[in-house]
S.K.: 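Pasting a structure below so you can have a look.
Quantities reported herein were computed from a predicted structural model and do not represent experimental measurements. Protein chains get the first letters and strands the later ones, always in sequence-line order, with residue 1 at the start of each. All values below were derived from every heavy atom in this structure, side-chain atoms included, with hydrogens, water molecules and symmetry-related copies excluded.
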Protein chains: 2
Amino acid sequence: MDVPHSSSNAINLGRLATDIGFLLRLAQVKVYERYFREYGDRHIKPGEFSVLWAIAHNPGVRQNVLCQELIIKRSHMTKLVRSLEDRALVSRRVPDEDRRGVELTITDKGQTLVDEIAPWFFAFEDCLGEKMNATEREKLKAQLLKFIASETED
Amino acid sequence: MDVPHSSSNAINLGRLATDIGFLLRLAQVKVYERYFREYGDRHIKPGEFSVLWAIAHNPGVRQNVLCQELIIKRSHMTKLVRSLEDRALVSRRVPDEDRRGVELTITDKGQTLVDEIAPWFFAFEDCLGEKMNATEREKLKAQLLKFIASETED
DNA sequence: GAGATAATGTTTCCTTGTAAACAAAAACCA
DNA sequence: TGGTTTTTGTTTACAAGGAAACATTATCTC
C-alpha cells in the first residue's frame, strides 16, 4: 500500500500514514484545494451551495431539518441562511402553524444561481481523481456511504 | 446505493447525497464525533496528536517539513507547536546550520504521552464503522489513498 | 562582497464552525 | 387553566484554521 506523497525530505509517519481519520482529512483538503482552484468568479462556497441546493429541492423546508440532514449546527446554519437571504437567494417565512420555526424557499434569483452552478458543482467531481476511473470512484463512494451508515446507528 | 440516514422528516438531497465532497465531509464528522465521544480525560486533539506522533518518529524534524507532510499551514503549525511546547511535550532548537528554522524533538514527557495515547488512537479506528469488517475498511483506506495520490500530481 | 531573491517562522486579522446562554413559542401535564 | 418542559432559532463568546504582511536568515547573482 502506497503512502501519500513522499516528497524529497520525506519523513516517517508510521501508522498515521494509513489512519482512516488522517486519510479522510487529506482527501477533504484535496477536494477543497481543487474547488478553490476552479472557483473563478462563482461567489458561493461548498457549504452555501449545499444549503441552497437542499432548499431548492425541498421548498418550504424547516431550517432545523436542514441542520439535521446536512449535519450543520444550528448556530452556524443561522449565519449561512442569513448570508443567503442577504443576497436575496432564499426567503424566510414564519409559518402560522408553528411560529417558532422558519420555512425556507428559494427565490427566482437563487434558482437561477443553482441552475447555473449545479452542472459545474457536480461535474467538478468528475475531474476529481483524474487518475481514478469512474468505476473506482463509484466504489469509493459506495464504501464511504457504507462507512457513514455504519457510524449512524445512534 | 443507499443514501445517508433518512430520518423521519427526510428530505430530498438529490445528487448531493452521493457527492464525493459531501460524503467526505460526513465521514469526517462521524470520525470526530466518535473521537470526542471516547475522548475522556485525554487532553489531546487529533491534530495535536498527529504532530506529536510525527515528531516522535522523526526526531529533529524541521517544522516546515511537518507542515508539508501533515498538510498544515505554517501559521497554524506555529500555534500547535507552541501549545505542545507550553505543555513541555516537545522542545524547539534553532540549528546553527540554518538559523531560520526550528528543529523539533519530543521530550520524555511527550514520549510517555504518545506511548500512552497511541494504542487508543489507532485502536480507535478499529471501532470505527463497526458494521464494516476489517477487509472492507482496508478497501476503503486503499481507495482513499488512491484518491489522494491521484490529486497529488501537482 | 553587495544587493536582490528565496526560505522559514511569527504575528495579525479574518473566516468557518461550535458551545453555551438566551428568547420565544409550542407541547405537555397536573 | 397554569406551570413546566421541549423545540426552534438567535446571540455571544470562543476555537480551529488560513491569508497576508512582516522579520530574520540564507542563498543567488553580478
S.K.: Using the side chain to side chain contact (heavy atoms under 4.5 Å, CB included) criterion, which residues pair with B:D19? Sequence neighbours excluded.
M.R.: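 With neighbours one apart ignored, the set is A:F121, A:F122, A:E125, B:L16, B:F22.
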S.K.: Between the side chains of B:T107 and B:S91, is a donor N or O closer than 3.5 angstrom to an acceptor N or O?
M.R.: no
S.K.: Just wondering, are more than 12 heavy atoms of other shown residues or ligands nearer than 6.0 Å to CG in A:D115?
M.R.: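 Check passes, neighbour count above 12.
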S.K.: Can you tell me the distance, in whole Å, between the OH atom of A:Y32 and the C1' atom of D:dG17?
M.R.: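 A:Y32 atom OH is separated from D:dG17 atom C1' by 12 Å.
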S.K.: Using whole Å, report how far CZ of A:R25 lies from C1' of D:dG18.
M.R.: 13 Å
S.K.: Does a donor on one side chain sit under 3.5 Å from an acceptor on the other, for B:S83 and B:R87?
M.R.: yes
S.K.: Run the salt-bridge test on A:R82 and A:E85 with the 4.0 Å N-O cut-off and return the result as yes or no.
M.R.: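 Looking at A:R82 and A:E85, the cut-off is not met.
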S.K.: If each of A:K73 and A:E97 is mapped to the nucleotide of DNA chain C with the nearest heavy atom, which maps nearer the 5' terminus, i.e. the 5' end?
M.R.: A:K73
S.K.: From NZ of B:K45 over to C1' of D:dA15, roughly how many Å is that when rounded to an integer?
M.R.: 7 Å
S.K.: Provide, to the nearest angstrom, the distance between the CG atom belonging to A:D96 and the C1' atom belonging to C:dA25.
M.R.: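 After rounding, the reported distance stands at 13 Å.
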S.K.: A:E33 CD to D:dG17 C1': how many Å, rounded?
M.R.: 14 Å
S.K.: Rounding to a whole Å, what distance do you find between B:L70:CG and D:dA16:C1'?
M.R.: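 Roughly 16 Å, once rounded to whole Å.
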S.K.: Please give, in whole Å, the distance from D:dA16 C1' to A:Q28 CD?
M.R.: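 Distance, rounded to whole Å: 14 Å.
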S.K.: Output a table of nitrogen or oxygen pairs between the protein and nucleotides 6-10 of chain D separated by less than 3.5 Å.
M.R.:
{"residue": "D:dT7", "atom": "O4'", "partner": "A:R100", "partner atom": "NH1", "Å": "3.4"}
{"residue": "D:dT7", "atom": "O2", "partner": "A:R100", "partner atom": "NH1", "Å": "3.1"}
{"residue": "D:dT8", "atom": "OP2", "partner": "A:N64", "partner atom": "ND2", "Å": "2.8"}
{"residue": "D:dT8", "atom": "O5'", "partner": "A:N64", "partner atom": "ND2", "Å": "3.4"}
{"residue": "D:dG9", "atom": "OP1", "partner": "A:V102", "partner atom": "N", "Å": "3.0"}
{"residue": "D:dG9", "atom": "OP2", "partner": "A:N64", "partner atom": "N", "Å": "2.7"}
{"residue": "D:dG9", "atom": "N7", "partner": "A:R74", "partner atom": "NH1", "Å": "2.7"}
{"residue": "D:dT10", "atom": "OP1", "partner": "A:R92", "partner atom": "NH1", "Å": "2.8"}
{"residue": "D:dT10", "atom": "OP1", "partner": "A:R92", "partner atom": "NH2", "Å": "3.0"}
{"residue": "D:dT10", "atom": "OP2", "partner": "A:Q63", "partner atom": "NE2", "Å": "2.9"}
{"residue": "D:dT10", "atom": "OP2", "partner": "A:T78", "partner atom": "OG1", "Å": "2.9"}

S.K.: Flag yes if more than 12 heavy atoms outside B:R93 fall under 6.0 Å of its CZ atom; otherwise flag no.
M.R.: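 Yes, the 6.0 Å shell around CZ holds more than 12 heavy atoms from other groups.
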S.K.: Calculate the interatomic distance between B:R99 atom CZ and D:dA23 atom C1'; express it in whole Å.
M.R.: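 Taking CZ of B:R99 and C1' of D:dA23, I get 14 Å after rounding.
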